[in-house]
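Residue numbering restarts at 1 for every chain, and letters A, B, ... go by the order of the sequence lines. Computed over heavy atoms, backbone and side chain alike; hydrogens, waters and symmetry mates excluded.
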Number of protein chains: 2
Amino acid sequence: MHKELTAKGKATRNRIIEGAAAVLREKDVSVATLDDVMARTRTSKSQLFHYFPEGKDELLLAVAHHEADQVLEDQQPYLGCLDSWEAWQRWRDQVVKRYAEQGEECPLGSLVLHLGRSTPGARDVVVTLMRQWQESLATGIRALQTAGQLPAELDVEHRAAALLAGIQGGVLILQSTGRADHLRAALDQGIGDLRRAAAV
Amino acid sequence: MHKELTAKGKATRNRIIEGAAAVLREKDVSVATLDDVMARTRTSKSQLFHYFPEGKDELLLAVAHHEADQVLEDQQPYLGCLDSWEAWQRWRDQVVKRYAEQGEECPLGSLVLHLGRSTPGARDVVVTLMRQWQESLATGIRALQTAGQLPAELDVEHRAAALLAGIQGGVLILQSTGRADHLRAALDQGIGDLRRAAAV
DNA sequence: AAAAAAATGGACTTGCAAGTCCAGTATCCG
DNA sequence: CGGATACTGGACTTGCAAGTCCATTTTTTT
């Protein structure tokens, strides 16, 4: 990585990444072209290769990083304070809303799939995202334990993992079928079972 | 659809579909080429376009259909008779085993994603698959109700939907991170919560 | 068995998108 | 102020993969 990036350079680089992200929200990665990115960001070929010498894949990887950060930032306000049942409900609503609005597109998903094993580091992006996400959920469950709302012997990681899987699957189905039922069901069932565990 | 397909023609057509499916298990759809399919199936360009006049997309859609059928066929022996807790456990083990072996690849997923909205019918493949899958799960839950193992007032569809979401998410995470923890957690949690509902 | 229809082989065209090159302009730094 | 270094523009090359075409062989049909 060459660090010789002036302020203007950084700005341009960011403009490219965000422009590329926008393009990828409109069309799939397999049909999105560098010319699309150029058109949207008013840059030239040489700039793209100046900032991303390895070419398209390097750019896409940067976009993936950007998008992954976005996912957590978006829900941080809710995900960061899951210390009451009401907070969990608010978070649930926000997740459903966010993905219902996003609808078809999952730039991150198709991005990682497309980069796949060919690009080292692509997998890391999603691995890291999943770990952080699950960690936040686990923290939330522990907060409920601390508040005495849940028994201490609950297997926190196990429940967090199952919940995360439900979310991912719900979003996947939402994206491939257009129906949000499964996402809602997974969240409600997951939270509901948690509440039932409290009653024991 | 032209029905003028002789026995030999049908055979060749199937050979192409299965060969293409095999290719797609090795490489992503975006890098898989018609020449790959030709090489593997010992066919020529003109044969591909003879059997799939619309070109690559039509072939890919046919492969998607084929793969979707496969998914259900594979687990039918287990999925078809979920009438005891032991049967559920056997099914669970088989799902985990199957996807752990399959590992990285999910031809169907990337296929549908790639065809996306451009190809009408691509979405239908996955919609149908999900509906049938969920239906089988629901049937299994109802079987337990009939056997008196579960209360009659349980919301069957809701639980089936949540379980399906958990599976899909678990598989997704397995594929993008290489870890099967989430798939196992989702299944165990889903079945476990079902059993706990029995105790009430 | 001969005409018709279907199946096959493979060379050729076409189009597009990634990546290269070099020349020109702005910006930084001593 | 002046050299160096970073930034930008756009024409050009290259390679590959989808799709076309027609000649040839095999099978079906009457």
Side-chain angles (χ1 to χ4, degrees), chain A residues 1-20 22-24 26-64 110-111 114-116 118-119 122, chain B residues 1-20 22-24 26-64 110-111 114-116 118-119 122:
Chain A
M1 273 303 188
H2 36 81
K3 285 293 174 201
E4 318 96 344
L5 269 191
T6 187
K8 188 179 177 185
K10 267 179 146 69
T12 303
R13 202 187 123 103
N14 283 339
R15 199 171 82 241
I16 292 174
I17 292 178
E18 280 169 18
V23 168
L24 289 176
E26 282 169 11
K27 39 175 68 172
D28 187 75
V29 52
S30 57
V31 294
T33 137
L34 290 186
D35 294 275
D36 293 332
V37 178
M38 286 163 57
R40 177 176 285 261
T41 59
R42 292 200 311 280
T43 49
S44 63
K45 265 276 170 66
S46 54
Q47 293 182 61
L48 295 189
F49 282 86
H50 179 72
Y51 293 107
F52 305 95
E54 314 265 282
K56 195 180 183 186
D57 281 356
E58 190 183 354
L59 169 57
L60 292 180
L61 185 57
V63 174
S110 35
L111 223 41
H114 179 259
L115 294 177
S118 64
T119 313
Chain B
M1 272 307 185
H2 36 81
K3 284 295 173 202
E4 318 98 346
L5 267 193
T6 187
K8 188 179 178 187
K10 266 179 148 68
T12 304
R13 202 187 123 102
N14 284 338
R15 199 173 81 242
I16 293 174
I17 291 179
E18 279 168 20
V23 168
L24 290 176
E26 282 171 10
K27 39 175 70 174
D28 187 74
V29 51
S30 56
V31 293
T33 133
L34 291 185
D35 293 276
D36 293 332
V37 178
M38 286 163 57
R40 177 176 287 261
T41 59
R42 291 200 311 278
T43 50
S44 63
K45 265 279 170 62
S46 55
Q47 285 174 286
L48 296 189
F49 283 87
H50 179 72
Y51 294 107
F52 306 96
E54 313 264 285
K56 194 180 183 185
D57 281 356
E58 190 183 354
L59 169 58
L60 293 181
L61 185 57
V63 174
S110 36
L111 223 41
H114 179 258
L115 295 175
S118 65
T119 313

Give B/T33 one of three labels, base, sugar-phosphate or nothing, depending on what nucleic acid heavy atoms sit under 4.0 Å from its own. sugar-phosphate
Under the side chain to side chain contact (heavy atoms under 4.5 Å, CB included) test, which residues partner B/S118, sequence neighbours left out?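 Scan of B/S118 (side chain to side chain contact (heavy atoms under 4.5 Å, CB included), adjacent residues dropped) gives none.
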Quick one: side chain to side chain contact (heavy atoms under 4.5 Å, CB included) partners of B/K45, sequence neighbours excluded?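 B/K45 satisfies side chain to side chain contact (heavy atoms under 4.5 Å, CB included) with B/L34, B/D35, B/M38, B/F49 only.
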Would you mind telling me which of A/I17, A/L24, A/I16, A/V63 makes a side chain to side chain contact (heavy atoms under 4.5 Å, CB included) with A/V37?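 Going through the options one by one, the only one that passes is A/I16.
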Between [atom2] on [N] and [atom1] on [X], what's the gap in Å once rounded to a whole number?
| X | N | atom1 | atom2 | answer |
| --- | --- | --- | --- | --- |
| A/H50 | D/dG9 | NE2 | C1' | 13 Å |
| A/M38 | C/dA17 | CE | P | 12 Å |
| B/L48 | D/dA17 | CG | P | 14 Å |
| B/F52 | D/dA18 | CZ | P | 14 Å |
| A/R13 | D/dA6 | CZ | C1' | 15 Å |
| A/L60 | C/dA17 | CG | P | 14 Å |
| B/L5 | C/dT8 | CG | P | 10 Å |

Please compare A/D35 and B/T12 by the position of their nearest nucleotide in DNA chain C and report the one closer to 5'.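 Taking each residue's closest nucleotide, the earlier one in sequence belongs to B/T12.
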Do any side-chain nitrogens or oxygens of B/Y51 fall under 4.0 Å of OP1 or OP2 in C/dT8?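 Result: yes.
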So, does A/Q47 get its side chain near the phosphate of D/dT8, meaning an N or O under 4.0 Å from OP1 or OP2?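 Yes.
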Minimum heavy-atom distance A/A32-A/K56, with the two atoms named: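 Residues A/A32 and A/K56, closest heavy atoms: O-NZ, 3.1 Å.
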Its contact letters, B for base, S for sugar-phosphate only and - for none at protein heavy atoms under 4.0 Å, make nucleotides 19-30 of chain D read BBB----S-S--
Apply the test side chain to side chain contact (heavy atoms under 4.5 Å, CB included) to residues A/R40 and A/E26: give CA-CA distance (whole Å), side-chain angles for both, the deciding distance (0.1 Å), then the verdict. CA-CA 12 Å; A/R40 177 176 285 261; A/E26 282 169 11; 2.7 Å; yes
In Å and rounded to the nearest 0.5 Å, what is the OH to NZ distance from A/Y51 to A/K10? 11.0 Å
Without swapping roles, check the side chain of B/D36 against the backbone of B/T33 for a donor-acceptor pair under 3.5 Å. yes
